[in-house]
Amino acid sequence: MARFGSNKFKITKRELQSILDALKRKGFKTIGPTVSKDAIVYEEIDSLNDLPIGIGDEQEAGSYRLKKRTDATLFGFASSPHSWKQFLFPAQEKIFSIHQPTEKTSPPLIDPSVRQDPPLAFIGVRSCDLQAIAIQNRVFLEGPYSHAGYKSKAKGLFILAVNCAYPSATCFCSSMGTGPRAKSGFDLLVTEILNGQKEPFYLIEAGSSQGEEIIAQIEKTDATEEDLKKEKDVIQNAEKQIHRRIETQGIKELFYNNLQHPRWEEIAQRCLSCANCTFVCPTCFCSTLIDIPKKAQEIERWMVWDSCFTLNFTHTPAGSVRKSVLSRYRQWMTHKLASWIDQFGISGCVGCGRCITWCPVGIDITEEAEIIRKTSPVKTPS
Amino acid sequence: MKAKECQFVAEPPDSILLPKAFIIEKKVIECSRVVSLWIAPLEKNECAFKPGQFLMVYVFGVGEAAISLAGNGGDQGKYFLTVRAVGSVTRAIEQAKEKDILGIRGPFGNGWPIQEASTKDILLIAGGIGLPPLWSTIPFFLQNRSRYGRISLLYGVRTPQDILYKDKLESLSKGKDISVKIAVELATARTWNGHIGNVLNLISHAQFSPPSTIVFVCGPEPMMRFCAYTLLKYGIAKEHIYFSMERNMRCAIGSCGHCQFGPLFLCKNGPVFSYQTIEPFLNIAEI
């Protein structure tokens with residue numbers, strides 16, 4: 001098997017555009033970051049001009065603002081309210097439509113929803129989100145059954161990743177072991193380097209044979225020792241900007257031992273149970289199936305995102321199991337950081353910080369995890 | 001009854017969320033708000049079931065509910081279900097008529113560990129609508145009766161009117177294969193000529209040797225918990241007590257997240273678990 005990543009090349013913004021063009025010629029729908037309604041979102045992009053040129057962001061618990069940068073970076077921002085999950089696992093997706101003949105004794109006619117979407121190319125995926133995609137691949141593709149809709153989209157996916165240079169204040173990927181440097185799961189990886197200029201240049205490497213084919217078609221020069229040092233500086237500088245962290249040593253046992261911790265009640269007093277954290281989370285995968293009446297005797301069945309923060313989520317004939325906000329927040333955080341490990345052999349948290357930024361009351365998962373660890377009656381070795 | 005085990009991944013992935021049309025061949029009203037249905041596939045159905053598995057039953061335009069299988073519907077590929085009307089879907093099932101069509105997905109889940117019961121004394125403890133999932137085991141035990149020790153079915157209901165499968169229970173209790181004991185909570189000597197009180201009281205009347213006894217319990221969660229406490233006092237090992245658990249189920253294939261119980265997905269890891277497995281989470285409220 002060919003080893004990737006050993007060859008790094010220096011390219012300009014123009015060549016990055018050539019890559020985008022090449023992907024479009026191959027039939028990919030190219031999706032990347034763009035500015036919409038005062039936020040950076042992921043949408044279909046046609047050219048690099050659609051990217052947030054010279055736009056950065058400022059994030060804190062419960063706060064997100066765009067800011068103008070003094071340079072012309074394309075990737076000068078951190079995690080956005082969107083994640084790539086919405087393209088592989090859409091917030092709503094039709095499973096089938098069903099027609100019921102008027103007399104109930106005739107069998108209903110089921111018309112499964114057949115999608116023939118073009119393959120997707122994600123432009124500018126951060127290391128934390130690469131890990132999130134890897135996690136959802138496990139969730140949706142490696143069970144006793146695989147998720148057909150997800151599979152069809154994940155199969156032909158092309159990923160152009162970008163090493164994260166400007167983490168936000170809510171980021172904590174380094175402690176989760178998921179960034180800021182991208183290690184695997186990409187077809188191409190670029191590092192945006194400013195070098196004191198307004199216009200950045202890029203180092204690019206392939207992570208797959210498909211990525212290599214693309215690189216072969218563009219104008220490039222071999223990266224010099226100096227270029228590689230600058231790339232290293234970008235990563236080191238990013239690492240220095242990450243201040244939040246979660247201690248992951250023994251974290252599963254920590255949460256299993258603290259299901260009755262008094263801190264849950266304290267969090268529940270602030271938590272609005274709004275479900276924002278689950279929708280911005282790039283790994284949260286809960287869904288439900290709903291019937292939508294279309295016309296007489298015809299119904300569509302859709303799979304839509306659901307959230308463990310809703311009261312209905314645990315509805316049984318005996319009432320909802322998780323009636324209190326305490327139990328719903330505890331379920332979310334314990335699932336993310338502990339039981340996910342039992343279920344999928346991996347943590348459900350990638351440290352992207354979205355749940356912190358987009359919590360309307362600024363509940364901080366890193367802070368809560370630390371408080372529970374420090375006040376745990378059962379000490380977990382660390 | 002001959003059951004061909006239903007293999008996981010038997011379905012092509014695209015069809016796992018698509019219900020198959022089944023016709024209601026026969027419907028019987030068991031008691032107030034409880035009906036039994038015998039359903040047959042319109043197209044050939046290769047999937048048999050393991051006792052303790054469940055189906056997703058879809059009523060056109062209303063929705064889908066997880067329903068435990070109570071047994072084989074007579075032939076290969078047919079099913080026998082008993083449903084209590086408690087929500088919108090189960091109310092629609094209750095109102096369905098013979099010859100109506102239902103959508104069926106499944107069977108899903110692990111089922112009771114029938115193999116493990118070999119050579120052991122068996123206690124089947126049911127509370128209310130918890131009887132049908134246990135009922136599905138009985139033909140399996142009867143088919144190879146000599147393989148097992150003493151078998152007792154302990155069944156608790158609220159009132160004498162709530163007793164399901166009255167005729168079948170009566171004929172079963174006449175035979176020597178299974179000892180049947182019924183406890184009624186709300187009754188007087190005039191209305192019920194049998195045990196009055198909680199199903200737990202029946203345990204002391206059952207014959208079993210604790211070190212080699214296996215227990216299958218299905219009923220409301222508090223009843224199952226207290227069953228376990230009582231059985232542990234008799235010296236029955238935690239790993240020999242099995243519960244069939246209930247949570248909200250939407251997809252039944254382990255991807256929608258609703259049925260999580262601690263780290264377990266009830267639909268794909270369960271719904272049957274040993275007390276040993278679920279004990280750490282069972283006593284935590286609203287887990």
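Note that the structure is predicted; figures quoted are calculated from it, not measured. Letters A, B, ... mirror the listed sequences (proteins, then strands); counts begin at 1.
- In Arg84(B), the CZ atom is not crowded: 12 or fewer heavy atoms of neighbouring residues, nucleotides or ligands sit closer than 6.0 Å.
- Between Val62(B) and Asp291(A) the shortest heavy-atom distance is N-OD2, 3.8 Å.
- In terms of non-hydrogen atom pairs under 4.5 Å with chain B, the most contact-rich of Gln297(A), Lys323(A), Arg301(A), Gln331(A) is Arg301(A).
- Gln260(B) touches chain A through backbone and side chain together, each having a heavy atom under 4.5 Å away.
- Closest of all the heavy-atom pairs between Gly61(B) and Ile299(A) is CA-CD1, 2.9 Å.
- The part of Tyr58(B) that comes within reach of chain A is its side chain, from C-beta onward, which places non-hydrogen atoms under 4.5 angstrom from that chain.
- A distance of 7.0 Å separates CZ of Phe89(A) from OG of Ser255(B), quoted to the nearest 0.5 Å.
- In this structure, Phe261(B) and Val321(A) have side chains that are not in contact, with every pair of non-hydrogen atoms separated by 4.5 Å or more.
- Separating the CD atom in Gln260(A) from the CG atom in Asn283(B) is a distance of 9.0 Å, to the nearest 0.5 Å.
- Partner of His258(B) under the side chain to side chain donor-acceptor pair (under 3.5 Å) criterion, chosen from Asp306(A), Thr314(A), Asn312(A), Thr316(A): Asp306(A).
- Heavy atoms closer than 4.5 Å to chain A are found in both the backbone and the side chain of Pro19(B).
- By the 6.0 Å contact criterion, CZ on Phe226(B) is open, its count of non-hydrogen atoms from other residues, nucleotides or ligands being 12 or less.
- Contacts of Ser106(A) with chain B are made by backbone atoms alone, with heavy-atom separations under 4.5 Å and no side-chain atom involved.
- Atom CD in Glu64(B) sits 9.5 Å away from atom OG1 in Thr288(A) (nearest 0.5 Å).
- Shown here for Cys251(B) and Leu289(A), the closest heavy-atom pair between the two residues is CA-CD1, 4.3 Å.
- Using a 4.5 Å cut-off between heavy atoms, Ile23(B) makes no contact with chain A at all.
- Between Phe96(A) and Leu17(B) the shortest heavy-atom distance is CE2-O, 3.3 Å.
- Proximity to chain A is limited to the backbone of Ala285(B), based on heavy atoms less than 4.5 angstrom apart.
- Atom CZ of residue Phe285(A) and atom SG of residue Cys256(B) lie 8.5 Å apart, to the nearest 0.5 angstrom.
- Interface residue Ile287(B): backbone and side-chain heavy atoms are both found under 4.5 Å from chain A.
- Around the CZ atom of Arg158(B), the shell of radius 6.0 Å holds no more than 12 heavy atoms that belong to other residues, nucleotides or ligands.
- The minimum heavy-atom distance between Ile98(A) and Phe60(B), with the atom names listed, is O-CE1, 3.7 Å.
- For the atom pair CZ (Arg250(B)) and CE (Met303(A)), the distance works out to 11.0 Å, reported to the nearest 0.5 Å.
- Between the CD1 atom of Ile284(B) and the CZ atom of Arg330(A) there is a distance of 6.5 Å, given to the nearest 0.5 Å.
- Residue Pro107(A) touches chain B through both its backbone and its side chain, counting heavy-atom pairs closer than 4.5 Å.
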